[in-house]
Amino acid sequence: GDSVTQTEGPVTVSESESLIINCTYSATSIAYPNLFWYVRYPGEGLQLLLKVITAGQKGSSRGFEATYNKETTSFHLQKASVQESDSAVYYCALGENSGTYQRFGTGTKLQVVP
Amino acid sequence: GGIITQTPKFLIGQEGQKLTLKCQQNFNHDTMYWYRQDSGKGLRLIYYSITENDLQKGDLSEGYDASREKKSSFSLTVTSAQKNEMAVFLCASSPGQGAGNTLYFGEGSRLIVV
């Protein structure tokens, strides 16, 4: 079936350092999945961080970027310089317009320390 | 903008009890979802509904019932609460009827079984 695998947390990074959270997917029943990163900040609900629907394209939001790579079936989340306010749980997900529901990874808890 | 409201925020019940979680959305979205969030296991779909009175089972539907009597509301019933079911339940909605659209989430309801 379709599935998403992402970096196991928790991940601890010092402020102003770079970050990469890996996400790979298996889309056996979905030819052209849409790929998502959702984020849950402390005390808030889960919300969309960024979304890419076309292979080869890059999405960006709040200084984060992710590129949809169909060859390596990956959608890694990167940020050049993290801040304490980026501390949150990040979820990678895939879904298709004609599909039934989105599949999520296990989530990666990020802690940014001063 | 819209909002998704989940009630109650904490639901405490006894083992074997039937317990119900409620979700309301004012986005006028077609599709609504119930996901279960367990630490280290990500989000797993319990039920979803693409329109009023429609119900579709997800990967984790056993032990749960759902009801979509109005477009704006979607309830989830734990038919016989078990201690290993303590988790956070997330309600979400999305426009249209495909899985390629952004999900909008409520803040979650935590189930505690004593």
Side-chain angles (χ1 to χ4, degrees), chain A residues 1-11 21 23-25 27 29-55 57 59 61 68 75 88-109, chain B residues 1-7 9 23-25 27 29-51 54-61 66 68 74 87-110:
Chain A
D2 305 318
S3 64
V4 176
T5 303
Q6 63 180 99
T7 300
E8 261 193 56
V11 171
I21 299 176
C23 171
T24 57
Y25 67 89
S29 65
I30 302 175
Y32 301 103
N34 296 348
L35 298 176
F36 304 81
W37 278 101
Y38 291 90
V39 59
R40 185 168 189 157
Y41 296 105
E44 296 184 23
L46 194 57
Q47 58 188 281
L48 180 72
L49 178 62
L50 57 87
K51 167 185 174 179
V52 179
I53 65 172
T54 305
Q57 298 294 309
S61 174
Y68 184 158
F75 191 52
V89 182
Y90 294 81
Y91 291 89
C92 185
L94 69 84
E96 191 189 32
N97 290 333
S98 61
T100 52
Y101 54 90
Q102 289 183 17
R103 270 69 168 177
F104 284 78
T106 54
T108 303
K109 184 172 182 178
Chain B
I3 191 167
I4 294 189
T5 304
Q6 289 187 235
T7 54
K9 201 163 182 175
C23 177
Q24 293 268 117
Q25 54 101 356
F27 288 101
H29 284 166
D30 291 315
T31 308
M32 295 186 74
Y33 307 83
W34 277 106
Y35 280 91
R36 175 174 154 165
Q37 180 180 28
D38 293 277
S39 180
K41 291 187 182 175
L43 275 66
R44 293 180 289 171
L45 187 80
I46 306 171
Y47 267 97
Y48 70 104
S49 165
I50 62 173
T51 189
D54 174 74
L55 291 174
Q56 308 283 342
K57 291 183 178 181
D59 298 324
L60 213 61
S61 61
R68 181 105 182 261
F74 193 30
V88 175
F89 292 81
L90 297 181
C91 178
S93 70
S94 68
Q97 296 179 352
N101 299 306
T102 299
L103 298 183
Y104 295 80
F105 286 88
E107 291 196 4
S109 296
R110 183 175 289 278

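Every chain is numbered from 1 and lettered A, B, ... according to where its sequence line falls, protein lines coming before strand lines.
- More than 12 heavy-atom neighbours from other residues, nucleotides or ligands sit within 6.0 angstrom of CD on Glu44(A).
- Using a 4.5 Å heavy-atom threshold, the side chains of Leu43(B) and Leu46(A) count as touching.
- Closest approach of Gln37(B) and Arg40(A) over heavy atoms only: OE1-NH1, 3.2 Å.
- Of the residues considered (Lys41(B), Arg44(B), Gln56(B)), Lys41(B) shows the highest number of contacts with chain A, using heavy-atom pairs under 4.5 Å.
- Looking only at side-chain heavy atoms (C-beta outward), Gln102(A) and Tyr48(B) stay at 4.5 Å or farther from each other.
- Between chain A and the options Tyr33(B), Tyr104(B), Tyr35(B), heavy-atom pairs under 4.5 Å are most frequent for Tyr35(B).
- The side chain to side chain contact (heavy atoms under 4.5 Å, CB included) search around Leu48(A) returns Phe36(A), Tyr38(A), Lys51(A), Thr102(B), not counting sequence neighbours.
- Per-residue heavy-atom pair counts under 4.5 Å with chain A were compared for Gly58(B), Ser39(B), Gly98(B), Ala99(B), and the maximum is reached by Ala99(B).
- Atom OH of Tyr91(A) and atom CG of Leu103(B) lie 13.5 Å apart (nearest 0.5 Å).
- Taking CG of Asn34(A) as the start and CG of Asn101(B) as the end, the distance is 8.0 Å to the nearest 0.5 Å.
- Smallest separation of non-hydrogen atoms from Tyr101(A) and Asp59(B): OH-OD1, 2.7 Å.
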